[in-house]
Amino acid sequence: MKLQFFGGARTVTGSQHILTVEGKRILLECGLFQGRREETYRRNLNFDFDPESIDLLLLSHAHIDHCGNIPNLVKRGFRGRILATSATVDLCQIMLRDSAFLHQKDVEFVNKIRKRKDEPPIEPLYTIEDAEKAMQHFVAVEYGKTYTLFPRVRATFRDAGHILGSAGILLEMRKDGKPYRLGFTGDLGRKDVPILKDPNYLRDLDAVIMESTYGNRDHRLSDDVEEELATLVRKVVKDGGKIIIPAFAVGRTQLIVYLLHKLFDQNRIPDLPIFVDSPMAVNATEVFRRNPDCFDRATHRIFVRNNMDPFGFGRLRYVRSVDESKKLNGVSYPHIIISASGMAEGGRILHHLRNNIGNPKNLILLVGYAAEHTLARRLTEGRKLVKIFGEEHPLRARVIQMDDFSAHADRKGLLRFIDIQSREKLGHVFLVHGEEEQALPLKKSIQDLGFQSVHFPDRGQVYNL
Ligand SMILES: [Zn+2]
């Protein structure tokens, strides 16, 4: 039994881990790497392993850093099935098509520059057709049901409470004739956040592959966060500015809409229009509406039972067409624009940032993790000039980062998960999906709890279990 880590190793993007067991190779996640443009393209184009050699893909959830390179995997010879919960399959349908569209657009832009330099054009990482072909490999699974993957290898998906459809995956195998339980957390969610159910932790594990995004940070309590959001909104309205929120189309957008809805209903923010400008977010919101079973009890009590829609209210407009999106630039009264992508690496958010970054009355509100070398991270670094679409723009708008909206467990949440495991039984903890300054302190905290064998694998590193 062997584990090897390729992506999401010492970084938060591009998750790809391979488990070799009973002569089969199981890929956990096939995420898209995000970072500097050129490195990104090269790293995503070529896999560190042969896609044809993979027998099966298990997918924890539909965020692009976990599923975004699946179409390329299929294009390069992967023939197996892809197991994911049915909400994840629905969301991937939207995410992967959208991702393909963005790759095609991006390559058009890059090729224009290459042409000027007399360089040959490059191909998009994958196309919409490739994304559609990849969807044929998906097989939907149910939470809590145990599936036999291969003789002596079984998998069970449990709700991770991170985004709609998200799962932690339990793999039950045999080692030296005895049962061996390997857990994969995917992205671990938080307790008591709006909309989603609390995470259903994997237990009694012999080894775990665990995310570490916020391994060294504690999120603030939600009441404080709501009040800060309300204060920020009130100030911008008073100044006559705009609020631009880059947000993951899946999960974060719906959470922000839900919170704004609540603040507005409680008269804590003034009456102002809110635009969700992302066709993908619009479609993803449909998937949320179709899956009320995944909602937690409070959401049921407040919205579903009263026949209200938690994602739609009077002041909210969903923007679908490019024309409508462009018209937002002409709106001069205070308003909020929520648009993808979350790390501001592509999508319509780039236009809104370019158009609004120069006005000190405006607020750019970052509500998720900003990975190294992404535009979102550059915005937080206090630079005077920021490059968007290849041109420098003076950064005069206020930039606030509120990680507290994160769908990830914080340090305490990650440690709570580890603390319920058996000190005698849990032989290995592999920390993935985290940058050094988060994962290394977490490693120490886990060791302090009494678990000695904690690893923070490098890209390509192999472990024999
Ligand atoms: Zn995620």
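FYI, the numbering just counts along the sequence from 1. All values derive from a computational prediction rather than experimental measurement. Every heavy atom of this structure was used, including side-chain atoms; hydrogens, water molecules and symmetry mates were not. Ligands are counted one by one from 1 in listed order, and the atoms in each one are counted from 1 as well.
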Atom of [X] nearest the Zn ion (ligand 1) (restricted to N/O/S, atom name only):
X    : result
D187 : OD2
H61  : NE2
H63  : ND1

Practice item. Taking all heavy atoms of T156 and all of G144, pick out the closest pair and write down the distance. Key: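 What the structure gives for the nearest pair is CG2-C, 3.8 Å.
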Point to revise | Pair K262-E226, salt bridge (charged side-chain N to carboxylate O under 4.0 Å, His left out): steps then yes or no | key: CA-CA 9 Å; K262 188 171 152 191; E226 282 176 18; 3.1 Å; yes
Review point. Are the charged groups of D48 and R43 less than 4.0 angstrom apart, N to O?
Key: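 Not counted as a salt bridge, because no side-chain N and carboxylate O are separated by less than 4.0 Å.
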Check your understanding: More than 12 non-hydrogen atoms from neighbouring residues, nucleotides or ligands closer than 6.0 Å to NZ on K444, yes or no?
Key ->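 Open: at most 12 neighbouring heavy atoms sit under 6.0 Å from NZ of K444.
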